[in-house]
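Please find one structure pasted underneath; my questions will follow.
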Protein chains: 2
Amino acid sequence: MTITRDQVLDRALGLAAWRQVADAVEADITSGRLKPGDRLAPESQLAERFGVNRHTVRRGLAMLAERGLVRATQGSGTFVETAPVVYPIGLKTRFSEVMAKVGREARGELVSAEHVPADKGIAEALGIEKGSPILQMHTIYRADGVPLSFARTCFPLPRFLGLDQHFAAKGSLTKAYKKLGIEDYKRLSTRITARMADPAEAAQLDIAPGRVVLIISSINVDLEGVRIQATQSRFVADRVELTIER
Amino acid sequence: MTITRDQVLDRALGLAAWRQVADAVEADITSGRLKPGDRLAPESQLAERFGVNRHTVRRGLAMLAERGLVRATQGSGTFVETAPVVYPIGLKTRFSEVMAKVGREARGELVSAEHVPADKGIAEALGIEKGSPILQMHTIYRADGVPLSFARTCFPLPRFLGLDQHFAAKGSLTKAYKKLGIEDYKRLSTRITARMADPAEAAQLDIAPGRVVLIISSINVDLEGVRIQATQSRFVADRVELTIER
DNA sequence: TGCGATTTGTGCGTATGTATA
DNA sequence: ATATACATACGCACAAATCGC
């Protein structure tokens, strides 16, 4: 493929070159010339095409990466990100079902599980005594292999002993609950905020530290209204769009 | 003041130099050695202190700026940002009522109002033809003077002519609606995501560009179910916490 | 398994423009 | 007007990761 040199750049004035590069690439994406999953031309080629230094290209791409439009992988290339998943937050939100509906393969992965005493916040959320034993799990949920959320989930302990192993085997919390005889559960409360990902979260979610995550703190109850689960999920902000069902 | 050279840098390996610079400066801030409003040492001095190139310092500071810890002003210096006011609110229905409940003085301020043709997105949201006339308002909501959200709200036009003037006078959308004979309305749909604030939003919300905003897109309907309002609000993420209670 | 080519990541040195004090 | 300090940009070099052979 031939490379067109000096694609329109308003050199003289106004916008910075790196911003113009970003705009041009963004236009390629929004117009559909580049589709989700496509690989961008290498930085060196883009540099040549726009008649700028590779650093200048990199700065433009960095901005797009921040906004979640593209994603760079060392040694491989820079790729157009897939469109965000619409994720309903309702009384009964089941991750696997949501994903299945959008036609994506979903699975929860158990990162760690441990028995620890409940701190003040967790104890309040679960309605138990501070210091009571709880099962604390860290999990990652992916859609088609791409991490969507990284969560810490806590369960009161005598009751949910072994839940982690069921979850690890099934990859679904709903199924793990069934193993323990809990046929149904629902959402009691949901709180939402957002901030930038810290390094640990970024590593788990495979994003650059500083990217935005939506923080969803929720409490689930069983059919008797007893609190069984307190979760803090961190969703990669530009990979999901939350919708509130009524 | 004397400049200490070669402040700990793990040169050999592992973390990138620019990241270590960022960490060091962040440590200065979180430890209190640098207080909100303080000016950092010039980039050139930091470069000398860490024994790196000024570009390397700049990259580190850029990350901190993105995260909202510092803010660079050309020709002046780089400053530690003032601590954000944390302000929790619930996502009920009426902004003024919510604020009143927490004992805050709330008022919506009309930034601009104009008659424009509906673009594709707005038309879909309001269930009207693309290009139909709409009233588009930009508003800022503050609690005790602190900006909480910056919103663009659209109304279909023949019906809501003059709504902007009522809103400007009352500072409340609910009251403005009453003037036009709409006694009640409710939320049809709500979508939530988050990203970094662009410069325009940052200016309106009085935050550093790159700070996180929660984006809430909502549609309201009147009692007959007719769509009357499409809003995109941008909340300063660390000034609000959305809660969905049931 | 290893090697080499490709591609992104990091860093240095330099130069020029522009806003601020 | 001058000096300072941040903003942008170029060129070069090498490291690190990935992928195909």
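Throughout, a chain's letter reflects where its sequence line sits, starting with A, and its residues are numbered from 1.
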Exercise for the section: Please examine the side chains of A/Val213 and A/Phe150, heavy atoms only from C-beta on, and report whether any two atoms are closer than 4.5 Å. Expected result: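 Contact flag for A/Phe150/A/Val213 side chains = no.
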Exercise for the section: Check whether any side-chain nitrogen or oxygen of A/Thr78 sits under 4.0 Å from OP1 or OP2 of C/dT7, and answer yes or no. Expected result: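 For C/dT7, neither OP1 nor OP2 has a side-chain N or O of A/Thr78 closer than 4.0 Å.
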Practice task
Return the minimal non-hydrogen interatomic distance between A/Arg234 and A/Leu205, and the atom names on each side.
Solution key: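 That closest heavy-atom pairing would be O-CD1, 3.9 Å.
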Problem - B/Arg39 side-chain N/O to B/Val80 backbone N/O, donor-acceptor pair under 3.5 Å - result: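 Such a contact is absent between B/Arg39 side chain and B/Val80 backbone.
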Practice task
Round to the nearest Å and state the distance from B/Arg54 atom CZ to C/dG11 atom P.
Solution key: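 Distance check: B/Arg54 CZ to C/dG11 P gives 16 Å.
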Handout entry: Nearest to side-chain heavy atoms of B/Arg39, which nucleotide of D/dA5, C/dG11, D/dA9
Key =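 The listed nucleotide nearest to B/Arg39's side chain is D/dA5.
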Problem - Distance, rounded to the nearest Å, where A/Gln45 contributes CD and C/dT6 contributes P - result: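 Atom-to-atom, A/Gln45 to C/dT6, this comes out as 11 Å.
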Exercise for the section: Could you state the atom-to-atom distance from CH2 of B/Trp18 to P of C/dC12 in whole Å? Expected result: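 Rounding to the nearest Å, CH2 of B/Trp18 and P of C/dC12 are 14 Å apart.
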Exercise for the section: State whether the distance check finds a donor on one side and an acceptor on the other, under 3.5 Å, for side chain A/His55 versus base C/dG11. Expected result: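 Result: at least one qualifying N/O pair found.
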Exercise for the section: Take the protein atom CZ of B/Phe79 and the nucleotide atom P of C/dA19, then report the distance between them rounded to whole Å. Expected result: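 Answer to the nearest Å: 17 Å.
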Practice task
For the residue pair B/Leu135 and B/Asp164, establish whether any side-chain heavy-atom pair is separated by less than 4.5 Å.
Solution key: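 B/Leu135 reaches B/Asp164 side chain to side chain.
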Handout entry: Nucleotide D/dA5, atom P - distance to CG of B/Leu40 in whole Å
Key =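 Rounding to the nearest Å, CG of B/Leu40 and P of D/dA5 are 13 Å apart.
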Handout entry: Length of the line joining B/Leu46:CG and D/dA5:C1', which is rounded to integer Å
Key =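 B/Leu46 atom CG is separated from D/dA5 atom C1' by 12 Å.
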Practice task
May I ask you to verify if any side-chain N or O of A/Arg58 is less than 4.0 angstrom from the OP1 or OP2 atom of C/dT8?
Solution key: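 Checking C/dT8 against A/Arg58, no side-chain N or O comes under 4.0 Å of OP1 or OP2.
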Practice task
Scan side-chain atoms only and decide if A/Thr231 and A/Gln229 contain a donor-acceptor pair under the 3.5 Å cut-off.
Solution key: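 A donor-acceptor contact under 3.5 Å links the two side chains.
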Exercise for the section: Consider the side chain of A/Asn53, meaning its heavy atoms from C-beta on, and name the nucleotide among C/dT10, D/dC10, C/dG9 that approaches it most closely. Expected result: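 Output: D/dC10.
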Exercise for the section: Determine whether more than 12 heavy atoms belonging to other residues, nucleotides or ligands lie under 6.0 Å from atom CD of B/Glu109. Expected result: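 More than 12 within 6.0 Å, yes.
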Practice task
Report the nucleotide, chosen from C/dG11, C/dG9, D/dA9, that has the shortest atom-to-atom distance to any side-chain atom of A/Ala16.
Solution key: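 For the A/Ala16 side chain, the nearest candidate turns out to be D/dA9.
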Completion exercise
Protein heavy-atom contacts under 4.0 Å, written 5' to 3' over nucleotides 16-21 of chain D as B (base), S (sugar-phosphate only) or - (none), form the string BBB---
Practice task
Would you mind reading off the distance between B/Phe50 atom CZ and C/dC12 atom P, rounded to a whole angstrom?
Solution key: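 For the pair B/Phe50 CZ and C/dC12 P, the rounded distance is 13 Å.
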Exercise for the section: Would you mind pulling out the nucleotide paired to C/dG17, Watson-Crick or G-U wobble, both distances under 3.5 Å? Expected result: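 Its partner is D/dC6.
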Handout entry: Nearest non-hydrogen partners of B/Ala194 and A/Val212, listed with the distance
Key =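 Closest heavy-atom pair between B/Ala194 and A/Val212: CB-CG1, 3.7 Å.
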Exercise for the section: Calculate the interatomic distance between B/Glu43 atom CD and D/dT8 atom P; express it in whole Å. Expected result: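 My rounded result for the distance is 11 Å.
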